[in-house]
Amino acid sequence: VDVGCGDAFGGGDGDALQDGVETVINVVDTYRLQPTTLTKKQFSEWVKKFLGRVKAELEKHSPNRLAPFQSGCAKFVTKIGKNFDEYCFYVNESLDYDAGLAIGYYSEDGMTPFFYFFRDGLVLGYPGFGKDLSQEAIVSMECVMP
């Protein structure tokens with residue numbers, strides 16, 4: 001399996017694949033993520049529920065993270081809404097949407113995938129290997145934005 005790093009680690013010509021070798025997205029392959037289809041309305045419903053759960057945990061365990069979390073997430077959700085059709089969504093292999101989604105898009109070249117995660121909502125075994133959003137499971141970082 002070629003994880004698509006090309007010559008980044010001195011492996012030779014990144015464009016030449018041997019017959020039968022499949023190029024995969026390393027994050028998707030490693031965590032056995034499953035592509036899923038969401039409408040804009042379904043995404044909106046999911047994100048409100050998911051971010052509400054994360055907010056409640058932050059209020060209990062990390063109140064200092066609440067303002068940066070809400071600000072970062074509001075910007076990011078707005079960004080997704082403006083270009084919704086450019087994003088793709090992945091869920092863990094058990095199809096547990098409550099554990100979170102990996103939100104992906106492809107760069108302008110159409111070949112390079114980028115993924116976003118709501119970091120304050122990640123559990124230690126992401127994606128989906130545990131649902132515990134306790135103090136230990138919350139990663140204290142702001143939402144990722146380019």
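Computed from a predicted model, the values in this text were never measured in an experiment. Numbering starts at 1 and runs along the sequence shown. Only heavy atoms go into these numbers, but all of them, side chains included; no hydrogens, no water, no symmetry mates.
- Atom OH of Tyr97 sits about 10.5 Å away from atom CZ of Phe89, to the nearest 0.5 Å.
- Residue Leu38 holds its CG atom at 8.5 Å from CH2 of Trp46, rounded to the nearest 0.5 Å.
- For Tyr106, the ring pair (Phe, Tyr, Trp, His ring centres under 6.0 Å) criterion is met by no residue, not counting sequence neighbours.
- Atoms CD and CZ, on Glu59 and Arg65 in that order, are 13.5 Å from each other to the nearest 0.5 Å.
- Contact annotation: the side chain of Phe118 approaches that of Ile103 to within less than 4.5 Å [non-hydrogen atoms, C-beta and beyond].
- The side chain to side chain contact (heavy atoms under 4.5 Å, CB included) check on Pro35 picks up Tyr90, with sequence neighbours excluded.
- Closest approach of Gly121 to Val54, counting heavy atoms only: CA-CG2, 3.6 Å.
- A distance-only check finds no donor-acceptor pair linking the side chain of Ser71 to the backbone of Ala67 [under 3.5 Å].
- The stretch residues 38-47 participates, sequence neighbours left out, in no salt bridge (Lys or Arg N to Asp or Glu O under 4.0 Å) pair at all.
- With sequence neighbours excluded, no residue satisfies salt bridge (charged side-chain N to carboxylate O under 4.0 Å, His left out) with Lys48.
- The CG atom of Asp85 sits 12.5 Å away from the CD1 atom of Ile80 when rounded to the nearest 0.5 Å.
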Legend entry - Intermediate values then yes/no, side chain to side chain contact (heavy atoms under 4.5 Å, CB included), Leu33 and Val27: CA-CA 8 Å; Leu33 298 177; Val27 172; 4.1 Å; yes
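- Residues Asp98 and Arg53 are in side-chain contact: their nearest non-hydrogen atoms beyond the backbone lie under 4.5 Å apart.
- Leu95 places none of its side-chain heavy atoms less than 4.5 Å from the side chain of Thr36.
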Legend entry - Residue pair Val47, Leu101: steps toward the side chain to side chain contact (heavy atoms under 4.5 Å, CB included) verdict: CA-CA 9 Å; Val47 81; Leu101 293 176; over 6 Å; no
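- The line from CZ of Phe43 to CZ of Phe50 is 10.5 Å long, rounded to the nearest 0.5 Å.
- Taking Asn83 as the reference, Glu86, Tyr87 meet the side chain to side chain contact (heavy atoms under 4.5 Å, CB included) condition, with sequence neighbours excluded.
- We find the CG-CD distance between Asp29 and Glu22 to be 7.5 Å, quoted to the nearest 0.5 Å.
- Of all non-hydrogen atoms in Gln34 and Asn92, the two that sit nearest each other are CG-O, 4.0 Å.
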Inset, instruction - For Tyr105 and Phe115, run ring-ring contact (aromatic ring centres under 6.0 Å, His included): C-alpha distance rounded to whole Å, both residues' side-chain angles, the deciding distance at 0.1 Å, then the answer. - result: CA-CA 7 Å; Tyr105 81 94; Phe115 286 87; 9.1 Å; no
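- With salt bridges taken as basic N to acidic carboxylate O contacts below 4.0 Å, none links Lys55 and Asp120.
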Inset, instruction - List the steps and the verdict of side chain to side chain contact (heavy atoms under 4.5 Å, CB included) for Phe84 and Lys79. - result: CA-CA 8 Å; Phe84 185 79; Lys79 177 182 175 176; over 6 Å; no
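- Inter-residue side-chain proximity for Asn64 and Phe69 is flagged as unmet; no heavy-atom pair is nearer than 4.5 Å.
- Looking at residues two or more places apart in sequence or on another chain, you find a side chain to side chain contact (heavy atoms under 4.5 Å, CB included) between Asp109 and Ser107, Met111, Thr112.
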